[in-house]
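Below, read A as the first sequence line, B as the second, and so on, with proteins coming before strands; counting in each chain starts at 1.
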Protein chains: 2
Amino acid sequence: MAASGVRPRRKPRDRYHHGDLRRALLDEALRTIHQDGVEALTLRTIGLALGVSRTALYRHFADKRALLSAVATEGFRMLRGRLVEVWGSGGVREFNEMGVAYVQFAIANPSHYRVMFGGFVDDGPRDEELTREGMAAFQALVDAIAALQKSADVRKDDPLQLARFIWATVHGVSMLIIDGQLSHQHAQLDDLIQFAMQRLQTGIAAGPARTRN
Amino acid sequence: MAASGVRPRRKPRDRYHHGDLRRALLDEALRTIHQDGVEALTLRTIGLALGVSRTALYRHFADKRALLSAVATEGFRMLRGRLVEVWGSGGVREFNEMGVAYVQFAIANPSHYRVMFGGFVDDGPRDEELTREGMAAFQALVDAIAALQKSADVRKDDPLQLARFIWATVHGVSMLIIDGQLSHQHAQLDDLIQFAMQRLQTGIAAGPARTRN
DNA sequence: ACCTGAACACCGTTCAAGT
DNA sequence: ACCTGAACACCGTTCAAGT
(Lines give C-alpha, C1' and ligand atoms only; values in the text may rest on other atoms or scores of the structure.)
Protein backbone atom coordinates (compact mmCIF):
# COMPACT_ATOMS: atom_id res chain seq x y z
CA MET A 1 0.00 0.00 0.00
CA ALA A 2 1.71 3.17 -1.23
CA ALA A 3 1.74 6.55 0.47
CA SER A 4 -0.90 7.74 -1.99
CA GLY A 5 -3.49 5.77 -0.10
CA VAL A 6 -3.34 7.81 3.08
CA ARG A 7 -5.38 10.88 2.20
CA PRO A 8 -3.46 13.87 3.59
CA ARG A 9 -5.77 16.27 5.43
CA ARG A 10 -4.53 19.38 3.66
CA LYS A 11 -3.53 19.87 0.07
CA PRO A 12 -0.18 18.16 -0.25
CA ARG A 13 2.97 19.99 -1.33
CA ASP A 14 1.33 22.37 -3.79
CA ARG A 15 4.36 24.55 -3.21
CA TYR A 16 7.82 23.44 -2.21
CA HIS A 17 7.77 25.95 0.58
CA HIS A 18 4.86 25.48 2.88
CA GLY A 19 2.92 28.62 3.81
CA ASP A 20 3.35 28.52 7.54
CA LEU A 21 4.44 25.02 8.39
CA ARG A 22 5.13 25.83 12.03
CA ARG A 23 1.56 26.90 12.56
CA ALA A 24 0.24 23.97 10.55
CA LEU A 25 2.29 21.53 12.62
CA LEU A 26 1.00 23.04 15.82
CA ASP A 27 -2.61 22.96 14.64
CA GLU A 28 -2.28 19.36 13.53
CA ALA A 29 -0.79 18.45 16.91
CA LEU A 30 -3.66 20.18 18.71
CA ARG A 31 -6.16 18.38 16.51
CA THR A 32 -4.59 14.97 17.10
CA ILE A 33 -4.32 15.49 20.85
CA HIS A 34 -7.91 16.65 21.11
CA GLN A 35 -9.19 13.79 19.00
CA ASP A 36 -6.98 10.82 19.90
CA GLY A 37 -4.89 11.86 22.89
CA VAL A 38 -1.18 12.58 23.32
CA GLU A 39 -0.16 8.96 23.05
CA ALA A 40 -1.42 9.00 19.44
CA LEU A 41 0.78 11.93 18.56
CA THR A 42 3.80 10.84 16.52
CA LEU A 43 6.00 12.92 14.26
CA ARG A 44 5.29 10.44 11.47
CA THR A 45 1.53 10.93 11.70
CA ILE A 46 1.82 14.70 11.76
CA GLY A 47 4.02 14.72 8.69
CA LEU A 48 1.70 12.32 6.89
CA ALA A 49 -1.35 14.46 7.65
CA LEU A 50 0.34 17.59 6.33
CA GLY A 51 1.96 15.93 3.34
CA VAL A 52 5.51 16.67 4.47
CA SER A 53 8.35 14.48 5.56
CA ARG A 54 8.38 13.39 9.17
CA THR A 55 11.61 15.27 9.72
CA ALA A 56 10.36 18.58 8.30
CA LEU A 57 9.27 19.44 11.82
CA TYR A 58 12.86 19.84 12.93
CA ARG A 59 13.14 23.06 10.90
CA HIS A 60 10.54 24.65 13.19
CA PHE A 61 10.84 22.90 16.53
CA ALA A 62 13.92 21.69 18.35
CA ASP A 63 12.28 18.34 19.01
CA LYS A 64 8.99 16.70 19.98
CA ARG A 65 9.24 18.15 23.47
CA ALA A 66 9.37 21.67 22.01
CA LEU A 67 6.23 20.93 20.00
CA LEU A 68 4.44 19.78 23.15
CA SER A 69 5.69 22.91 24.89
CA ALA A 70 3.99 24.99 22.21
CA VAL A 71 0.83 22.93 22.64
CA ALA A 72 0.91 23.60 26.38
CA THR A 73 1.50 27.31 25.82
CA GLU A 74 -1.51 27.45 23.52
CA GLY A 75 -3.53 25.67 26.18
CA PHE A 76 -2.72 28.23 28.87
CA ARG A 77 -3.62 31.00 26.44
CA MET A 78 -7.01 29.43 25.81
CA LEU A 79 -7.61 28.78 29.50
CA ARG A 80 -6.66 32.31 30.50
CA GLY A 81 -8.94 33.77 27.84
CA ARG A 82 -11.84 31.73 29.14
CA LEU A 83 -11.21 32.65 32.79
CA VAL A 84 -10.94 36.36 32.06
CA GLU A 85 -14.09 36.19 29.97
CA VAL A 86 -16.13 34.54 32.71
CA TRP A 87 -14.80 36.76 35.49
CA GLY A 88 -15.37 40.07 33.75
CA SER A 89 -14.88 42.40 36.66
CA GLY A 90 -17.29 40.47 38.76
CA GLY A 91 -17.93 39.43 42.31
CA VAL A 92 -18.42 36.29 44.33
CA ARG A 93 -20.87 34.84 41.84
CA GLU A 94 -18.50 35.30 38.91
CA PHE A 95 -15.66 33.88 40.96
CA ASN A 96 -17.69 30.73 41.39
CA GLU A 97 -18.35 30.59 37.67
CA MET A 98 -14.66 31.02 37.00
CA GLY A 99 -13.91 27.93 39.05
CA VAL A 100 -16.56 25.97 37.20
CA ALA A 101 -15.21 27.20 33.86
CA TYR A 102 -11.72 26.05 34.83
CA VAL A 103 -12.84 22.49 35.53
CA GLN A 104 -15.02 22.47 32.43
CA PHE A 105 -12.04 23.45 30.31
CA ALA A 106 -10.13 20.46 31.64
CA ILE A 107 -13.08 18.13 31.05
CA ALA A 108 -13.54 19.42 27.51
CA ASN A 109 -9.82 19.10 26.70
CA PRO A 110 -8.50 16.35 28.95
CA SER A 111 -5.48 15.36 26.92
CA HIS A 112 -4.53 18.93 26.17
CA TYR A 113 -4.90 19.80 29.84
CA ARG A 114 -2.64 16.90 30.77
CA VAL A 115 0.04 18.18 28.38
CA MET A 116 -0.11 21.58 30.10
CA PHE A 117 0.74 19.87 33.36
CA GLY A 118 1.49 16.16 33.59
CA GLY A 119 5.25 16.42 33.30
CA PHE A 120 5.51 15.96 29.55
CA VAL A 121 7.64 19.04 29.54
CA ASP A 122 9.34 18.79 32.90
CA ASP A 123 12.84 17.59 32.17
CA GLY A 124 15.29 20.20 31.10
CA PRO A 125 14.67 23.93 31.34
CA ARG A 126 11.08 24.99 30.81
CA ASP A 127 10.25 26.90 27.67
CA GLU A 128 10.22 30.62 28.39
CA GLU A 129 6.98 31.43 26.61
CA LEU A 130 5.26 28.50 28.33
CA THR A 131 6.31 29.81 31.72
CA ARG A 132 5.10 33.28 30.83
CA GLU A 133 1.72 32.09 29.55
CA GLY A 134 1.22 29.84 32.56
CA MET A 135 1.93 32.74 34.86
CA ALA A 136 -0.48 34.95 32.93
CA ALA A 137 -3.27 32.43 33.49
CA PHE A 138 -2.39 32.28 37.17
CA GLN A 139 -2.43 36.08 37.31
CA ALA A 140 -6.06 36.10 36.16
CA LEU A 141 -6.84 34.23 39.35
CA VAL A 142 -4.73 36.51 41.51
CA ASP A 143 -6.49 39.57 40.08
CA ALA A 144 -9.90 38.14 40.90
CA ILE A 145 -8.79 37.39 44.45
CA ALA A 146 -7.44 40.89 44.92
CA ALA A 147 -10.74 42.37 43.74
CA LEU A 148 -12.68 40.18 46.15
CA GLN A 149 -10.40 41.25 48.96
CA LYS A 150 -11.13 44.88 48.16
CA SER A 151 -14.86 44.23 48.34
CA ALA A 152 -14.29 42.43 51.65
CA ASP A 153 -15.56 39.11 50.30
CA VAL A 154 -12.28 37.31 50.76
CA ARG A 155 -10.00 37.30 53.81
CA LYS A 156 -6.93 39.51 53.63
CA ASP A 157 -4.25 36.82 53.41
CA ASP A 158 -1.43 36.99 50.89
CA PRO A 159 -3.34 36.95 47.57
CA LEU A 160 -0.63 34.79 45.96
CA GLN A 161 -0.96 32.17 48.66
CA LEU A 162 -4.74 32.27 48.35
CA ALA A 163 -4.47 31.93 44.58
CA ARG A 164 -2.15 28.93 44.88
CA PHE A 165 -4.58 27.23 47.24
CA ILE A 166 -7.56 27.86 44.95
CA TRP A 167 -5.60 26.79 41.90
CA ALA A 168 -4.63 23.57 43.65
CA THR A 169 -8.25 22.86 44.46
CA VAL A 170 -9.65 23.34 40.94
CA HIS A 171 -6.60 21.58 39.52
CA GLY A 172 -7.18 18.65 41.85
CA VAL A 173 -10.84 18.38 40.95
CA SER A 174 -9.95 18.58 37.26
CA MET A 175 -7.23 15.96 37.44
CA LEU A 176 -9.28 13.46 39.43
CA ILE A 177 -12.10 13.81 36.94
CA ILE A 178 -10.05 13.46 33.75
CA ASP A 179 -8.11 10.58 35.24
CA GLY A 180 -11.41 8.79 35.82
CA GLN A 181 -11.00 8.57 39.57
CA LEU A 182 -14.43 10.00 40.18
CA SER A 183 -17.89 9.18 38.93
CA HIS A 184 -18.31 9.48 35.20
CA GLN A 185 -21.92 10.57 35.51
CA HIS A 186 -22.41 14.09 34.34
CA ALA A 187 -24.89 15.16 37.01
CA GLN A 188 -22.75 13.84 39.85
CA LEU A 189 -19.71 15.66 38.51
CA ASP A 190 -21.64 18.92 38.40
CA ASP A 191 -22.73 18.36 41.98
CA LEU A 192 -19.15 17.79 43.09
CA ILE A 193 -17.85 20.87 41.28
CA GLN A 194 -20.54 23.04 42.85
CA PHE A 195 -19.95 21.52 46.26
CA ALA A 196 -16.21 22.08 45.97
CA MET A 197 -16.66 25.73 45.00
CA GLN A 198 -19.02 26.23 47.95
CA ARG A 199 -16.59 24.76 50.48
CA LEU A 200 -13.74 26.60 48.85
CA GLN A 201 -15.51 29.94 49.19
CA THR A 202 -16.35 29.27 52.80
CA GLY A 203 -12.69 28.50 53.40
CA ILE A 204 -11.43 31.77 51.97
CA ALA A 205 -14.34 34.04 52.95
CA ALA A 206 -13.78 37.11 55.11
CA GLY A 207 -16.47 36.13 57.56
CA PRO A 208 -17.07 37.28 61.15
CA ALA A 209 -14.69 35.97 63.78
CA ARG A 210 -15.19 32.29 64.41
CA THR A 211 -15.45 30.60 67.81
CA ARG A 212 -13.32 27.66 66.68
CA ASN A 213 -10.28 27.32 64.40
CA MET B 1 30.75 -5.47 25.39
CA ALA B 2 29.20 -8.80 26.37
CA ALA B 3 26.31 -9.29 28.77
CA SER B 4 28.81 -10.19 31.49
CA GLY B 5 29.83 -6.56 31.71
CA VAL B 6 26.51 -5.21 32.95
CA ARG B 7 26.61 -6.17 36.61
CA PRO B 8 23.17 -7.55 37.36
CA ARG B 9 21.84 -6.25 40.66
CA ARG B 10 20.86 -9.63 42.03
CA LYS B 11 22.67 -12.92 41.66
CA PRO B 12 22.07 -13.98 38.08
CA ARG B 13 20.28 -17.18 37.16
CA ASP B 14 21.63 -19.28 40.01
CA ARG B 15 18.61 -21.43 39.36
CA TYR B 16 16.77 -21.84 36.11
CA HIS B 17 13.57 -21.06 37.91
CA HIS B 18 13.69 -17.77 39.65
CA GLY B 19 12.45 -17.73 43.23
CA ASP B 20 9.67 -15.23 42.89
CA LEU B 21 10.26 -13.44 39.64
CA ARG B 22 6.98 -11.58 39.75
CA ARG B 23 7.88 -9.97 43.04
CA ALA B 24 11.43 -9.29 41.85
CA LEU B 25 10.14 -7.61 38.68
CA LEU B 26 7.79 -5.45 40.69
CA ASP B 27 10.51 -4.46 43.17
CA GLU B 28 12.91 -3.63 40.36
CA ALA B 29 10.22 -1.51 38.69
CA LEU B 30 9.58 0.34 41.95
CA ARG B 31 13.31 0.91 42.40
CA THR B 32 13.78 2.25 38.87
CA ILE B 33 10.75 4.52 39.09
CA HIS B 34 11.83 5.90 42.43
CA GLN B 35 15.38 6.46 41.27
CA ASP B 36 15.10 7.48 37.61
CA GLY B 37 11.40 8.06 36.91
CA VAL B 38 8.85 6.15 34.83
CA GLU B 39 10.31 7.25 31.54
CA ALA B 40 13.47 5.30 32.40
CA LEU B 41 11.50 2.10 32.95
CA THR B 42 11.92 -0.31 30.04
CA LEU B 43 11.37 -4.03 29.97
CA ARG B 44 14.92 -4.43 28.67
CA THR B 45 16.43 -2.65 31.68
CA ILE B 46 14.39 -4.62 34.15
CA GLY B 47 15.40 -7.90 32.60
CA LEU B 48 19.03 -6.86 32.52
CA ALA B 49 19.00 -5.85 36.18
CA LEU B 50 17.51 -9.19 37.23
CA GLY B 51 19.59 -11.29 34.88
CA VAL B 52 16.62 -12.62 32.94
CA SER B 53 15.50 -12.17 29.38
CA ARG B 54 13.49 -9.06 28.60
CA THR B 55 10.53 -11.22 27.68
CA ALA B 56 10.50 -13.23 30.89
CA LEU B 57 8.17 -10.62 32.31
CA TYR B 58 5.35 -11.81 30.07
CA ARG B 59 5.04 -14.99 32.15
CA HIS B 60 3.97 -12.86 35.14
CA PHE B 61 2.35 -9.75 33.69
CA ALA B 62 0.09 -9.38 30.68
CA ASP B 63 2.13 -6.44 29.45
CA LYS B 64 3.95 -3.32 30.60
CA ARG B 65 0.67 -1.67 31.49
CA ALA B 66 -0.14 -4.50 33.90
CA LEU B 67 3.24 -4.02 35.56
CA LEU B 68 2.52 -0.32 36.02
CA SER B 69 -0.88 -1.25 37.40
CA ALA B 70 0.82 -3.36 40.04
CA VAL B 71 3.16 -0.46 40.78
CA ALA B 72 0.19 1.84 41.25
CA THR B 73 -1.57 -0.70 43.46
CA GLU B 74 1.52 -0.92 45.67
CA GLY B 75 1.57 2.88 45.83
CA PHE B 76 -1.99 3.11 47.12
CA ARG B 77 -1.20 0.45 49.71
CA MET B 78 1.77 2.47 50.95
CA LEU B 79 -0.17 5.71 50.96
CA ARG B 80 -3.10 4.22 52.80
CA GLY B 81 -0.79 2.71 55.42
CA ARG B 82 0.82 6.08 56.01
CA LEU B 83 -2.52 7.91 56.27
CA VAL B 84 -4.00 5.41 58.72
CA GLU B 85 -0.81 5.56 60.78
CA VAL B 86 -0.86 9.36 61.05
CA TRP B 87 -4.58 9.57 61.75
CA GLY B 88 -4.71 6.99 64.48
CA SER B 89 -8.13 7.67 65.82
CA GLY B 90 -7.42 11.33 66.16
CA GLY B 91 -9.06 14.69 65.91
CA VAL B 92 -8.68 17.93 64.03
CA ARG B 93 -4.96 18.08 64.67
CA GLU B 94 -4.35 14.58 63.33
CA PHE B 95 -6.55 15.35 60.35
CA ASN B 96 -4.24 18.22 59.52
CA GLU B 97 -1.22 15.96 59.85
CA MET B 98 -2.89 13.44 57.57
CA GLY B 99 -3.18 16.08 54.85
CA VAL B 100 0.45 17.03 55.28
CA ALA B 101 1.48 13.37 55.19
CA TYR B 102 -0.43 12.90 51.93
CA VAL B 103 1.40 15.73 50.19
CA GLN B 104 4.73 14.60 51.65
CA PHE B 105 4.17 11.13 50.25
CA ALA B 106 3.73 12.62 46.79
CA ILE B 107 6.83 14.80 47.18
CA ALA B 108 8.90 11.87 48.40
CA ASN B 109 7.70 9.61 45.56
CA PRO B 110 6.82 11.93 42.69
CA SER B 111 7.15 9.49 39.84
CA HIS B 112 5.42 6.70 41.73
CA TYR B 113 2.62 9.06 42.64
CA ARG B 114 2.25 10.04 39.00
CA VAL B 115 1.91 6.39 38.01
CA MET B 116 -0.91 6.00 40.57
CA PHE B 117 -2.79 8.76 38.78
CA GLY B 118 -1.47 10.38 35.61
CA GLY B 119 -3.35 8.19 33.18
CA PHE B 120 -0.61 5.63 32.60
CA VAL B 121 -3.23 3.04 33.27
CA ASP B 122 -6.33 4.73 31.93
CA ASP B 123 -7.01 3.04 28.63
CA GLY B 124 -8.82 -0.23 28.78
CA PRO B 125 -10.52 -1.60 31.86
CA ARG B 126 -8.85 -0.73 35.12
CA ASP B 127 -7.17 -3.49 37.06
CA GLU B 128 -9.49 -4.80 39.76
CA GLU B 129 -6.98 -4.89 42.59
CA LEU B 130 -5.85 -1.36 41.71
CA THR B 131 -9.41 -0.11 41.96
CA ARG B 132 -9.88 -1.86 45.29
CA GLU B 133 -6.65 -0.51 46.78
CA GLY B 134 -7.38 3.00 45.56
CA MET B 135 -10.81 2.85 47.15
CA ALA B 136 -9.30 1.57 50.40
CA ALA B 137 -7.00 4.60 50.56
CA PHE B 138 -9.95 6.86 49.89
CA GLN B 139 -11.89 5.11 52.62
CA ALA B 140 -9.24 6.07 55.17
CA LEU B 141 -10.14 9.66 54.40
CA VAL B 142 -13.88 9.01 54.59
CA ASP B 143 -13.47 7.35 57.98
CA ALA B 144 -11.59 10.33 59.35
CA ILE B 145 -14.27 12.70 58.07
CA ALA B 146 -17.02 10.62 59.63
CA ALA B 147 -15.23 10.68 62.98
CA LEU B 148 -14.82 14.45 62.81
CA GLN B 149 -18.50 14.79 62.02
CA LYS B 150 -19.36 12.78 65.10
CA SER B 151 -17.24 15.07 67.26
CA ALA B 152 -18.96 18.04 65.61
CA ASP B 153 -15.72 19.36 64.12
CA VAL B 154 -16.84 18.94 60.53
CA ARG B 155 -20.15 20.02 58.97
CA LYS B 156 -22.69 17.27 58.39
CA ASP B 157 -22.61 17.11 54.60
CA ASP B 158 -22.38 13.85 52.72
CA PRO B 159 -19.06 12.44 54.00
CA LEU B 160 -18.28 11.03 50.54
CA GLN B 161 -18.68 14.41 48.93
CA LEU B 162 -16.56 16.03 51.64
CA ALA B 163 -13.90 13.37 51.18
CA ARG B 164 -13.82 13.92 47.41
CA PHE B 165 -13.37 17.63 47.92
CA ILE B 166 -10.56 17.17 50.42
CA TRP B 167 -8.91 14.55 48.25
CA ALA B 168 -9.04 16.92 45.29
CA THR B 169 -7.37 19.64 47.34
CA VAL B 170 -4.45 17.60 48.62
CA HIS B 171 -4.14 15.94 45.21
CA GLY B 172 -4.02 19.34 43.55
CA VAL B 173 -1.38 20.65 45.91
CA SER B 174 0.64 17.46 45.39
CA MET B 175 0.42 17.56 41.61
CA LEU B 176 1.31 21.22 41.28
CA ILE B 177 4.33 20.67 43.49
CA ILE B 178 5.68 17.56 41.78
CA ASP B 179 5.08 19.10 38.36
CA GLY B 180 7.25 22.02 39.41
CA GLN B 181 4.51 24.61 38.99
CA LEU B 182 5.14 26.03 42.44
CA SER B 183 8.22 27.26 44.23
CA HIS B 184 10.89 24.66 44.70
CA GLN B 185 11.98 26.12 48.01
CA HIS B 186 11.33 23.78 50.85
CA ALA B 187 10.21 26.39 53.38
CA GLN B 188 7.76 28.00 50.97
CA LEU B 189 6.24 24.63 50.14
CA ASP B 190 5.72 23.90 53.81
CA ASP B 191 4.03 27.26 54.23
CA LEU B 192 1.70 26.55 51.33
CA ILE B 193 0.78 23.10 52.61
CA GLN B 194 0.00 24.47 56.05
CA PHE B 195 -1.95 27.37 54.58
CA ALA B 196 -3.94 25.03 52.36
CA MET B 197 -4.84 22.76 55.27
CA GLN B 198 -5.93 25.78 57.33
CA ARG B 199 -8.23 27.12 54.60
CA LEU B 200 -9.47 23.62 53.89
CA GLN B 201 -10.44 23.09 57.52
CA THR B 202 -12.21 26.40 57.67
CA GLY B 203 -14.13 25.41 54.56
CA ILE B 204 -15.39 22.15 56.02
CA ALA B 205 -15.71 23.17 59.67
CA ALA B 206 -19.03 22.89 61.50
CA GLY B 207 -18.89 26.47 62.70
CA PRO B 208 -21.65 28.73 64.00
CA ALA B 209 -24.11 30.08 61.45
CA ARG B 210 -22.53 32.61 59.15
CA THR B 211 -23.94 35.98 58.17
CA ARG B 212 -22.72 35.56 54.62
CA ASN B 213 -22.51 32.53 52.31
C1' DA C 1 5.69 -24.37 33.84
C1' DC C 2 9.06 -21.15 32.85
C1' DC C 3 12.37 -18.82 30.12
C1' DT C 4 15.18 -17.62 25.74
C1' DG C 5 16.47 -15.35 21.31
C1' DA C 6 15.31 -13.91 16.99
C1' DA C 7 12.06 -11.22 14.56
C1' DC C 8 8.49 -7.58 13.86
C1' DA C 9 6.45 -3.22 13.75
C1' DC C 10 6.88 0.70 15.76
C1' DC C 11 9.33 5.11 17.81
C1' DG C 12 12.38 10.01 17.83
C1' DT C 13 16.40 11.84 15.94
C1' DT C 14 20.74 12.59 12.85
C1' DC C 15 22.72 13.81 8.69
C1' DA C 16 24.25 14.07 4.05
C1' DA C 17 21.99 15.35 0.02
C1' DG C 18 18.71 17.71 -2.84
C1' DT C 19 16.03 22.29 -4.48
C1' DA D 1 16.35 28.59 3.78
C1' DC D 2 13.71 24.63 3.73
C1' DC D 3 12.74 19.88 3.04
C1' DT D 4 13.80 14.77 1.92
C1' DG D 5 15.11 9.85 2.59
C1' DA D 6 18.05 6.63 4.38
C1' DA D 7 20.08 5.20 8.56
C1' DC D 8 20.56 4.67 13.67
C1' DA D 9 19.51 3.44 18.21
C1' DC D 10 15.92 2.65 20.68
C1' DC D 11 11.05 0.74 22.12
C1' DG D 12 7.04 -3.20 23.43
C1' DT D 13 5.42 -7.46 21.90
C1' DT D 14 4.96 -12.19 19.47
C1' DC D 15 6.34 -16.73 18.83
C1' DA D 16 8.69 -20.91 17.91
C1' DA D 17 12.00 -23.29 20.42
C1' DG D 18 14.52 -24.86 24.39
C1' DT D 19 14.80 -26.97 29.53
Side-chain angles (χ1 to χ4, degrees), chain A residues 1-6 8 10-26 28-29 32-33 36-71 115 119-124, chain B residues 1-4 6 8 10-26 28-29 32-33 36-71 115 120-124:
Chain A
M1 198 159 302
S4 64
V6 297
R10 290 144 210 265
K11 46 185 171 178
R13 52 190 102 176
D14 39 351
R15 296 181 311 285
Y16 177 71
H17 292 85
H18 199 284
D20 185 355
L21 185 52
R22 195 197 130 92
R23 185 67 232 179
L25 289 162
L26 184 49
E28 181 59 29
T32 305
I33 287 172
D36 306 312
V38 221
E39 63 282 357
L41 188 79
T42 73
L43 303 193
R44 281 157 165 82
T45 318
I46 297 175
L48 207 63
L50 296 179
V52 297
S53 149
R54 55 183 172 256
T55 58
L57 177 138
Y58 288 93
R59 288 299 123 196
H60 302 91
F61 295 95
D63 48 22
K64 191 182 185 182
R65 198 173 143 276
L67 175 65
L68 286 176
S69 238
V71 167
V115 172
F120 287 94
V121 200
D122 72 348
D123 31 289
Chain B
M1 197 161 300
S4 63
V6 298
R10 290 145 208 265
K11 46 184 171 179
R13 52 187 103 178
D14 39 352
R15 297 181 311 284
Y16 178 73
H17 292 86
H18 199 285
D20 185 355
L21 186 53
R22 195 197 130 91
R23 187 65 233 180
L25 288 163
L26 184 50
E28 182 59 28
T32 305
I33 288 171
D36 305 313
V38 220
E39 64 280 357
L41 188 79
T42 73
L43 303 192
R44 281 158 166 81
T45 318
I46 297 175
L48 207 63
L50 296 180
V52 297
S53 148
R54 55 181 171 258
T55 58
L57 177 140
Y58 287 92
R59 288 298 123 198
H60 301 91
F61 296 96
D63 49 21
K64 191 182 183 182
R65 199 173 143 276
L67 175 64
L68 286 176
S69 239
V71 167
V115 172
F120 286 94
V121 200
D122 73 350
D123 30 288

Is the phosphate of C:dC2, meaning OP1 or OP2, less than 4.0 Å from a side-chain N or O of B:H60?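 Checking B:H60 against C:dC2: no side-chain N or O falls below 4.0 Å of OP1 or OP2.
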Partner set under side-chain contact (heavy atoms from CB on, under 4.5 Å) for B:A66, not counting sequence neighbours: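 side-chain contact (heavy atoms from CB on, under 4.5 Å) list for B:A66, sorted by chain: B:F61, B:A62, B:D63.
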Please enumerate all residues that pass side-chain contact (heavy atoms from CB on, under 4.5 Å) together with A:T45, with sequence neighbours excluded.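 Only A:T42 meet the side-chain contact (heavy atoms from CB on, under 4.5 Å) criterion with A:T45.
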[X] [atom1] to [N] [atom2], straight-line distance once rounded to whole Å:
X: A:R22; N: D:dC3; atom1: CZ; atom2: P; result: 13 Å
X: A:R23; N: D:dC2; atom1: CZ; atom2: P; result: 18 Å
X: A:R59; N: C:dC15; atom1: CZ; atom2: P; result: 12 Å

Intra- and inter-strand pairing of DNA chain C, written as dot-bracket with Watson-Crick and G-U pairs under 3.5 Å and | for the latter, reads ||.|||||...|||||.||
Using 0.5 Å steps for rounding, measure from the [atom1] atom of [X] to the [atom2] atom of [Y].
X: B:E28; Y: B:L50; atom1: CD; atom2: CG; result: 5.0 Å
X: B:L48; Y: B:L43; atom1: CG; atom2: CG; result: 12.5 Å
X: A:R44; Y: A:S53; atom1: CZ; atom2: OG; result: 10.0 Å

Partners meeting side chain to side chain donor-acceptor pair (under 3.5 Å) with B:R23 (sequence neighbours left out):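 B:R23 satisfies side chain to side chain donor-acceptor pair (under 3.5 Å) with B:D27, B:E74 only.
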The test is side-chain contact (heavy atoms from CB on, under 4.5 Å); show your working for B:L41 and B:V71 and say whether it passes. CA-CA 12 Å; B:L41 188 79; B:V71 167; 5.8 Å; no
Could you write nucleotides 8-13 of chain C as a row of B, S and -, 5' to 3', where a protein heavy atom under 4.0 Å of any base atom gives B, of only sugar-phosphate atoms gives S, and otherwise -? ---BBB
Test side-chain contact (heavy atoms from CB on, under 4.5 Å) on B:L21 and B:R59; report intermediate values, then the result. CA-CA 9 Å; B:L21 186 53; B:R59 288 298 123 198; over 6 Å; no
